[in-house]
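Written below as structure tokens is the structure these notes are about.
The model shown is predicted, which means the values in this text are computed figures rather than measured ones. One is the number of the first residue; the rest follow in order along the sequence. In each ligand, atom 1 is the first atom listed, and ligand 1 is the first ligand listed.
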Amino acid sequence: MNSDSSSSLIIDEQVFSHLPVLPQEIIAGLAVSAGGHYLDTTVGGGGHSRLILQTAPDVQLTAIDQDEDALAAAKKELAEFGDRVKFIQSNFAAYQFPDATFNGILADLGVSSYQLDTPARGFSFRHTASLDMRMNQQASLTAADVINEWEEAELADIFFKYGEERLSRRIARRIVERRPFDTTTALAEAIASAVPPKYRYGRIHPATRAFQALRIVVNDELKSLETFLAKAPNALVPGGRIAVISFHSLEDRLVKHGLRNSPLLRVITKKPITAQELEISNNPRSRSAKLRIAEKIN
Ligand SMILES: C[S@@+](CC[C@H](N)C(=O)[O-])C[C@H]1O[C@@H](n2cnc3c(N)ncnc32)[C@H](O)[C@@H]1O
């Protein structure tokens with residue numbers, strides 16, 4: 001089976017854990033070793049960074065996140081490592097990757113548990129909050145701008161493309177009929193009202209895919225990922241590793257092709273590494289994680 005077409009979009013709105021996903025697989029996959037310098041481009045809560053820093057007392061880490069709140073939380077979480085860690089607030093696509101510097105580079109894509117669990121950030125329809133969804137709070141485009149101002153056809157298009165939502169047209173029509181929307185929950189209710197009952201009581205909430213699409217658009221996530229995949233390999237030392245964890249098929253497809261098509265890399269994972277049963281039961285978010293790893297050619 002072709003993993004591109006078979007991997008469907010699975011989004012776990014209800015279950016989100018603070019544990020870093022695929023922890024051993026990341027440490028082994030990046031071949032973290034004494035004296036190495038690693039780049040965590042999505043430090044989030046600092047879970048993976050902590051594991052990397054704990055591997056040996058002289059490991060150095062550069063930690064990036066575009067979310068200033070995440071970066072502040074990571075600074076606290078990693079304070080004990082002192083000047084072994086350098087923090088940078090940036091989109092990983094905008095980061096000036098230095099040449100041949102890092103022994104390993106990690107990207108653990110998507111939103112953090114902190115972002116999902118903080119109602120004011122507007123990522124989740126579990127809480128009533130304003131329609132925001134910006135990972136970088138300085139960015140100008142919000143989810144409210146998209147929902148209230150974009151044409152019906154554009155909305156249908158993004159729900160279909162970035163949410164893999166089959167009912168994209170109906171949902172877009174309902175939104176345009178009922179807008180403006182101010183809150184996550186009002187939007188989720190309108191979306192639920194647009195779909196047939198069977199769909200309304202399925203495994204995932206009917207608004208899940210549309211919310212996913214909105215988040216991708218607001219944060220320009222796929223473009224950032226493509227830029228990252230083009231720029232990051234040059235920042236590895238020869239033999240250095242790059243590891244990318246994705247959570248849905250659109251991302252995984254870009255990662256698979258980006259690593260494979262880079263003339264600087266040799267892919268190590270023919271198939272993506274996925275979580276074992278034990279991890280899935282402790283950390284449900286790991287269920288949809290796919291890890292791909294490549295090595296810089298000498
Ligand atoms: C899934 S969380 C990372 C969790 C982290 N690995 C841990 O163990 O705690 C993803 C983080 O990446 C950040 N992020 C997502 N896309 C980004 C981008 N393009 N540039 C920089 N940071 C990004 C988000 O703000 C979020 O904090």
In ligand 1, which numbered atoms sit nearer than 4.0 Å to a non-hydrogen atom of [X]?
X	value
D67	25 (O)
P20	8 (O)
T41	21 (C), 22 (N)
S90	20 (N), 21 (C)
M135	14 (N), 15 (C), 16 (N), 24 (C), 25 (O)
G46	7 (C), 9 (O)
R285	1 (C)

Heavy-atom contacts under 4.0 Å between [X] and ligand 1: side chain, backbone, both, or neither?
X	answer
V111	backbone
D40	neither
L106	neither
V43	backbone
Q66	both
Q115	side chain

Is [X] in contact with ligand 1, taking contact as a heavy-atom separation below 4.0 Å?
X	result
N219	no
R50	no
L109	yes

[X]-[Y] side chain donor-acceptor pair, cut-off 3.5 Å:
X	Y	result
T142	R134	no
S249	E164	yes
N91	N136	no
D67	Q115	yes
S288	H248	no
Q138	E68	yes

(request) Kindly confirm or rule out an N or O of F92 lying under 3.5 angstrom from an N or O of ligand 1. (result)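 In this structure, F92 places an N or O atom under 3.5 Å from an N or O of ligand 1.
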(message) Under 3.5 Å between any N/O of H48 and any N/O of ligand 1: does that happen in this structure?
(response)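 Yes.
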(message) For atom 7 (C) of ligand 1, tell me which residue out of S113, G44, G47 has the closest non-hydrogen atom.
(response)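 Looking at heavy atoms only, G47 sits closest to atom 7 (C) of ligand 1.
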(message) Judged on heavy-atom distance to atom 4 (C) of ligand 1, which of L22, D108, N91 sits nearest?
(response)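 Ranked by closest heavy atom to atom 4 (C) of ligand 1, first place is D108.
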To the nearest 0.5 angstrom, please state how far the [atom1] atom of [X] sits from the [atom2] atom of [Y].
X	Y	atom1	atom2	result
D108	L291	CG	CG	9.5 Å
T227	L222	OG1	CG	10.5 Å
L30	E25	CG	CD	11.5 Å
L236	D99	CG	CG	11.0 Å

(request) Please confirm whether R285 makes a cation-pi placement over F247, using NZ or CZ under 6.0 Å from the six-membered ring centre and within 45° of the ring normal. (result)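 Yes - R285 lies over the ring of F247, closer than 6.0 Å to its centre and within 45° of its axis.
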(message) Can you confirm whether or not the ring centre of F211 sits under 6.0 Å from the ring centre of F125?
(response)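 For F211 and F125, the ring centres are under 6.0 Å apart.
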